[in-house]
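Single-structure report; data block below.
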Amino acid sequence: MNKKKSLAIAALFGLTSLTGLGIQQADACSRVVYVGDDSLRIVGRSLDWKTPIPTNLYVYPRGFKHVSSDQPGALTWTSKYGAVYAVGYDGGITEGMNEKGLVINGLFCKGTVYNNPKTNGRPPMSLAVFVAWMLDRFETTDQVVALLKEGNFSIGGATFDGGTVSALHWGITDAQGNTAYVEFNNGNINIYQGEDLRVLTNDPQWPQMEAIINYWRGVGGQNMLPGTVKSPDRAVRADYFVHHVKPTGDADLGLSIIRSILFNVSVPYTYTIETEPNVSSTQWRSFANLRDKRYYFDIVTNMGIYYIDLNKVNLKPGAPVMKLNTSVITDILGDVTMCLTPSKPFTPMY
């Protein structure tokens, strides 16, 4: 595999460590859950990397058949729900939201170890379609958690020099606001669940991060908050602001609120620190309105934000896969549902 291809797949799956290539991992993604009035829930996330990451938006209908891997013993499933996916390099799903208002986002977490000897022989599950496996079949966080607790899969993805793989953890939130964080530690699946899990960044893993957040809650944030772009500092700032902003049932105002919080914890575009090779700038942000089934996308080099309204897309079985090519269409704003065009399904990078 050449260096260019390795970098592309690294960026695709959550900003992978490529130590064998002399490339440092990027440690800077943030996820925030805004809880408003009248059942308004908006999940915002930023994705950060050193170079632009081509990420196209695909909408898949119900009734679509999927396979978990190109390896023997792979799982197969047929989608029960339609969904919008953010697909990096047209090869793997970074995140998505289905028509029931379930959203799943993958973020970098370098302490991740997916497998151990006990997972050998379990059905292979590629990171390229892991998010779809959950979004296609379920509408609540509890249902996804029950599936994951069964542990009947062995997760993996594209590997590089020395067998380096993408290190991710996931945030899952449903339309009722129930959230779960999913982390892999030496092959063991650790799941943390609750309605007040509002912020997820990167390292450390959640038990240690929660302790840091709770410490700063005791300090209070009105007069002092940590201000760097490091993962714990971003988590602390996001946690303080998301708990102190105005709740509203207005979708547009709610979007403005969560968007401003994501701006506060994003890494400025082209910003670097010579002594911090892991710092990467924000490339794009997404916002999933779980009540109104709108998925917003905000590429930092574009003029503005736009959204796909799943209520307006044909998600019936047999409907075509639809795509928004974000690299070609760069000057759009607002509701761009009508800009979707029929497309072949993306080819997973198993």
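Residues take their numbers from the sequence shown, with the count starting at 1. This is a predicted model, so every value here is computed, not measured.
Across all their heavy atoms, T326 and T55 have their closest contact at OG1-O, 2.7 Å. Looking at every heavy atom in both residues, K316 comes nearest to P61 through O-CB, 3.6 Å.
Annotation: Y307 is in aromatic contact with Y296 [ring centroid separation under 6.0 Å]. Between H243 and F241, the ring centre distance reaches or exceeds 6.0 Å. Remark: aromatic rings of W216 and Y240 are distant, center separation not under 6.0 Å.
Between F153 and W133, the ring planes lie perpendicular to each other; the angle is over 60°, past the 30° to 60° tilted range. The aromatic rings of F130 and F184 sit perpendicular to each other, their planes meeting at more than 60°, with 30° as the lower class boundary. Ring-plane geometry between Y58 and Y60 is classed as tilted, the angle between the planes lying from 30 to 60 degrees on a 0 to 90 degree scale.
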Quiz item: What's the verdict on side chain to side chain contact (heavy atoms under 4.5 Å, CB included) for V32 and I258, showing C-alpha distance, side-chain angles and the deciding distance?
Solution: CA-CA 8 Å; V32 183; I258 185 64; 3.6 Å; yes

Self-check item: T94 vs L47, side chain to side chain contact (heavy atoms under 4.5 Å, CB included): CA-CA, chis, key distance, verdict
Solution: CA-CA 9 Å; T94 302; L47 184 141; 3.7 Å; yes

Quiz item: Run the salt bridge (Lys or Arg N to Asp or Glu O under 4.0 Å) check on D239 and R217 step by step: do they pass?
Solution: CA-CA 9 Å; D239 180 80; R217 284 179 177 176; 2.8 Å; yes

Exercise. Could you walk me through whether D298 and R259 pass the salt bridge (Lys or Arg N to Asp or Glu O under 4.0 Å) test, one step at a time?
Key: CA-CA 10 Å; D298 181 14; R259 196 178 179 203; 3.5 Å; yes

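Salt-bridge formation is detected for the pair R198/D196: a Lys NZ or Arg NE/NH1/NH2 atom is positioned less than 4.0 Å from an Asp or Glu carboxylate oxygen. Salt bridge annotation for R62-E99: present, with a cationic side-chain nitrogen under 4.0 angstrom from a carboxylate oxygen. A salt bridge between D90 and K323 is present, with a side-chain N of the basic residue lying under 4.0 Å from a carboxylate O of the acidic one. The pair R45-E95 meets the salt-bridge criterion, with a side-chain N (NZ, NE, NH1 or NH2) lying under 4.0 Å from an Asp/Glu carboxylate O.
A side-chain donor from one of D335 and T337 sits under 3.5 Å from a side-chain acceptor of the other. N115 and S154 share a donor-acceptor pair across their side chains, judged by distance under 3.5 Å alone. Under the 3.5 Å distance criterion, with hydrogens and angles disregarded, a donor-acceptor pair is assigned to the side chains of E139 and Y81.
The distance from the CE atom of M97 to the CG atom of D174 is 13.0 Å, given to the nearest 0.5 Å. Distance OG/S46 to CZ/R234: 6.5 Å, rounded to 0.5 Å. Here the straight-line distance linking atom CD of Q176 with atom CG of L102 works out to 9.5 Å at 0.5 Å rounding. Within the model, atoms CG of L262 and CZ of F287 stand 4.5 Å from one another, a figure rounded to the nearest 0.5 Å. The OG atom of S280 sits 7.0 Å away from the CG atom of D48 when rounded to the nearest 0.5 Å. Atom CD1 of I261 is separated from atom OG of S30 by 11.5 Å, given to the nearest 0.5 angstrom.
No side-chain donor-acceptor contact under 3.5 Å links S266 to the backbone of T282. N325 places a side-chain N or O within 3.5 Å of a backbone atom of S327 that can act as its donor or acceptor partner. A donor-acceptor pair under 3.5 Å is formed between the side chain of N202 and the backbone N or O of F108. Y114 places a side-chain N or O within 3.5 Å of a backbone atom of S166 that can act as its donor or acceptor partner.
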